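This is a predicted model, so every value here is computed, not measured.
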Amino acid sequence: MTLLAQLSFCLLAALTLAQGIYVVGFVWQLLRFQRPLVCDSDAVPATVVLCLRGGDPFLRDCLHGLLMQDYPTFTVLVVVDHPDDPAMHALQEFRGDPRLEIQLLDYPRDTCSLKCSSLVQAVRSLDPTVEIVAQIDADTIPHPSWLRELATALQDERIGAATGNRWYMPANPGQASLVRYLWNAAAIVQMYWYRIAWGGTLAIKTSVFRNSDLLDYWSHAFCEDTMLYTRLKALNLEVAFVPSLTMVNREDCDLRGYFQWVCRQLLTARLYHPAWLAVAAHGVLSILTPYCVLALAAIAASWGNLAAARLAGVSFIAYQVIFLLMLVPLELSVRRIVAARHQTTQWLGWSGVCQLVLAVPLTQFVYALALATASRMRFVAWRGVRYRIAKSGAIKLEEYKRFAAPPDHQRTLL
């Protein structure tokens, strides 16, 4: 039993060290977020695509931020799911801006998600002079240099797409919001190392569409971003992560909405990224191992082997504490980026920190359940529409419906 406790200690130490190396490497990139931006004379024409279904709570802020971009030559193309969609109310306020074009989704394909249908329609309708297609989600509020930062990254000939990532600073952090915060903090580190793009802030060179079958892939896909690594690799191009485009999301959520959301995130990795097995294996190891060690501590104590129980128990506690401590450099690095945009960073008080400690085991439990669910999902619901997923990965939209917000608005929007 003592030998098992010693082996468990070594295993947790190795797991912690590996995670620490990944975190340190990512934090180093975040700390180097400032870089010279492309000048007006070198800024190529760009179009920002925003696909809408439902009235997101921050949609007006998103639209206002897009139209306040300091980029010299750009348009904003909004594709709305249906003429009666709730998003149309917010769009009415901005119709007078000549840079804003609104399209209705002409043809919701039954072989892909509604978002992918909208993106395919948008890209195929672009002016031939456009050299950059950027896309944004309605819960992302872009700062004035958002588009310029994406365009700067795309100046490198080796780069085919540039992306940022999300970071949560909920206005009223309850347990569900803190669980989402913890999971996301760990997830974006993996997304950086595995070069997984994020569709909430993403720009692609239009030459990629001309030189590849990416639009065809989108026409048969559930999401547009996770597959980019593979598609660009075939063109000898890369996905660039732009640290300064770590975008703050201040929405709250409930546990049910979070679970549905995280299952979709994991499903896209399963369907479209070659590192899915590595992601799943890391999830299993990082969750199962510490709780096996905790069980070992309980068994050793019941058998009277107090030395083994102490070693296993201390190993478990140390692992959980170090997991929380890894958040500190991540949070501080992101706050530095957000503060440089003159946005507020104060969101987690002492009461929130105490809740955060309690949220760790809940995060690990929900993540384990989400991994198990995503690994065998055959149906998925997204914004009120149900999709069937074949064993081959083919997507089938079962029935198109207009968007109708449920009483709990956030559950569908996540």
Margin query: Looking at E238 and R195, is there a salt bridge between them, counting it only when a charged N and a carboxylate O are closer than 4.0 Å?
Written below: no
Note to self: Would you say that V314 contacts F9 through its side chain, given a criterion of any heavy-atom pair below 4.5 Å between the two side chains?
What the structure shows: no
Check: Looking at W261, F365, F323, Y168, which one forms a ring-ring contact (aromatic ring centres under 6.0 Å, His included) with W183?
Finding: W261
Margin query: Here's a test for you: under ring-ring contact (aromatic ring centres under 6.0 Å, His included), which of W382, Y272, Y217 qualifies with F222?
Written below: W382
Note to self: Once rounded to the nearest 0.5 Å, what's the spacing between atom SG of C10 and atom CG of L15?
What the structure shows: 13.0 Å
Note to self: Show, in sequence, the C-alpha distance, side-chain angles and deciding distance for E331 and W347, and conclude whether the side chain to side chain donor-acceptor pair (under 3.5 Å) test is met.
What the structure shows: CA-CA 11 Å; E331 176 71 24; W347 68 279; 2.9 Å; yes
Item checked: Candidate pair L52 and L50, rule side chain to side chain contact (heavy atoms under 4.5 Å, CB included), full reasoning -> CA-CA 6 Å; L52 296 180; L50 173 61; 3.7 Å; yes
Check: Is the count of non-hydrogen atoms from other residues, nucleotides or ligands lying under 6.0 Å from E157 atom CD greater than 12?
Finding: no
Checklist line | Beyond-backbone contact of V76 with T47, side-chain heavy atoms, under 4.5 angstrom | finding: no
Note to self: Within this structure, what is the SG-CG distance for the pair C51 and L77, rounded to the nearest 0.5 Å?
What the structure shows: 8.0 Å
Notebook entry, point to check: Do L267 and R270 have side chains that get closer than 4.5 Å, going by heavy atoms?
Noted result: yes
Notebook entry, point to check: Hey, does the side chain of H273 reach the backbone of A275 with a donor-acceptor pair shorter than 3.5 angstrom?
Noted result: yes
Notebook entry, point to check: Which atom pair, heavy atoms only, marks the closest approach of L178 to G352?
Noted result: CD1-O, 4.0 Å
Margin query: Tell me if a side-chain donor or acceptor on Q121 pairs with a main-chain N or O of D106 at a distance below 3.5 Å.
Written below: yes
Margin query: For K115, is there an ion pair with D225 - N to carboxylate O distance below 4.0 angstrom?
Written below: no
Note to self: Under a 3.5 Å distance rule, please check whether S375 uses its side chain to pair with a backbone N or O of A372 as donor and acceptor.
What the structure shows: yes
Next item on the list: Would you please say whether a donor-acceptor pair under 3.5 Å links the side chains of Q190 and Y22?
Entry: no
Margin query: Checking the side chain of R341 only, and the main-chain atoms of S244 only, is there a donor and an acceptor separated by less than 3.5 Å?
Written below: yes
Checklist line | Y387 backbone acceptor or donor facing E398 side chain under 3.5 Å | finding: no
Margin query: Ring centroids only, cut at 6.0 angstrom: are F403 and H82 within range, meaning strictly under it?
Written below: no
Notebook entry, point to check: Any side-chain heavy atom of L245 sitting closer than 4.5 Å to one from M247?
Noted result: yes
Check: Within the side chain of S117, is there an N or O that forms a donor-acceptor pair under 3.5 Å with the backbone of R109?
Finding: yes
Check: Counting distance only, does the side-chain N/O of S333 pair as donor-acceptor with the main-chain N or O of L31 below 3.5 Å?
Finding: no
Notebook entry, point to check: Looking at side-chain heavy atoms only, is the closest gap between M88 and P83 below 4.5 Å?
Noted result: no
Next item on the list: Could you walk me through whether D56 and R383 pass the salt bridge (charged side-chain N to carboxylate O under 4.0 Å, His left out) test, one step at a time?
Entry: CA-CA 11 Å; D56 293 73; R383 299 214 170 204; 2.9 Å; yes
Check: Given the rule in the side chain to side chain contact (heavy atoms under 4.5 Å, CB included) test, do L214 and L228 qualify, once you have shown the distances and angles that lead to the verdict?
Finding: CA-CA 8 Å; L214 182 58; L228 278 177; 3.8 Å; yes
Note to self: Between the side chains of K205 and E131, is the shortest nitrogen-to-carboxylate-oxygen separation below 4.0 Å, so that they form an ion pair?
What the structure shows: no
Checklist line | Verdict with reasoning, T75 to E101, per side chain to side chain donor-acceptor pair (under 3.5 Å) | finding: CA-CA 8 Å; T75 56; E101 178 186 350; over 6 Å; no
Check: Closest approach of A374 and L266, non-hydrogen atoms and distance?
Finding: CB-CB, 3.6 Å
Next item on the list: Check the pair H143 / Q343 against side chain to side chain donor-acceptor pair (under 3.5 Å), numbers first and verdict last.
Entry: CA-CA 9 Å; H143 49 283; Q343 299 172 354; 4.9 Å; no
Check: Quick one: are V123 and L215 in side-chain contact, heavy atoms under 4.5 Å?
Finding: yes
Check: For the ring pair Y71 and W146, is the centre-to-centre distance below 6.0 Å?
Finding: no
Checklist line | Check ion pair D85-R53 (N to O, under 4.0 angstrom) | finding: no
Notebook entry, point to check: Got V38 and Q155 here, is their nearest side-chain heavy-atom distance under 4.5 Å?
Noted result: yes
Next item on the list: Look at the aromatic rings of F26 and Y192 and report parallel, tilted or perpendicular, splitting at 30° and 60°.
Entry: tilted
Next item on the list: Report the C-alpha distance between N165 and M191 in whole Å, list the side-chain angles of each, state the deciding distance to 0.1 Å, and finish with yes or no for side chain to side chain contact (heavy atoms under 4.5 Å, CB included).
Entry: CA-CA 9 Å; N165 218 315; M191 290 176 70; 3.5 Å; yes
Checklist line | Closest non-hydrogen atom pair between P36 and T152, with its separation | finding: O-CG2, 3.5 Å
Item checked: Pair R180 + D252, salt bridge at N-O below 4.0 Å -> no
Next item on the list: Look at atom CZ of R378 and say whether more than 12 heavy atoms of other residues, nucleotides or ligands are closer to it than 6.0 Å.
Entry: yes
Check: Between Y258 and N184, is a side chain to side chain donor-acceptor pair (under 3.5 Å) present by the stated rule, with each step listed?
Finding: CA-CA 11 Å; Y258 160 73; N184 182 74; over 6 Å; no
Next item on the list: Tell me whether the centres of the aromatic rings in W193 and F241 are closer together than 6.0 Å.
Entry: no
Checklist line | Side-chain donor or acceptor of T163 paired with backbone N/O of W198 under 3.5 Å | finding: yes
Next item on the list: May I ask you to check whether over 12 heavy atoms, not counting those of Y229, lie within 6.0 Å of atom OH?
Entry: no
Check: Is the side chain of T140 donor-acceptor paired with the backbone N or O of I136 at a distance under 3.5 Å, no angle test?
Finding: no
Check: For P243 and I337, which heavy atoms make the closest approach, and how far apart are they?
Finding: O-CD1, 3.3 Å
Note to self: As a quick check of understanding, evaluate salt bridge (charged side-chain N to carboxylate O under 4.0 Å, His left out) for D213 and R231, giving each step before the final call.
What the structure shows: CA-CA 8 Å; D213 53 0; R231 307 321 314 158; 3.6 Å; yes
Check: Can you check whether M169 reaches V334 side chain to side chain, under 4.5 Å on heavy atoms?
Finding: yes
Checklist line | Residues N249, W167; criterion side chain to side chain contact (heavy atoms under 4.5 Å, CB included); working and verdict | finding: CA-CA 6 Å; N249 184 306; W167 188 267; over 6 Å; no
Item checked: Candidates V44, L150, V48 - the one meeting side chain to side chain contact (heavy atoms under 4.5 Å, CB included) with I132 -> V44
Check: Is any side-chain N of the basic residue among D254 and R256 closer than 4.0 Å to the acidic one's carboxylate O?
Finding: no
Check: Can we say D139 and R166 salt-bridge, meaning some charged N sits less than 4.0 Å from an Asp/Glu carboxylate O?
Finding: no
Note to self: In this structure, is the centre-to-centre distance between the rings of W218 and F209 below 6.0 Å?
What the structure shows: yes
Check: Which pair of heavy atoms, one from P290 and one from L285, lies closest together, and at what distance?
Finding: CD-O, 3.7 Å
Check: Charged N to carboxylate O under 4.0 angstrom, D40 versus R148?
Finding: yes
Next item on the list: Check whether any side-chain N or O of T111 sits under 3.5 Å from a backbone N or O of S219 as a donor-acceptor pair, and report yes or no.
Entry: yes
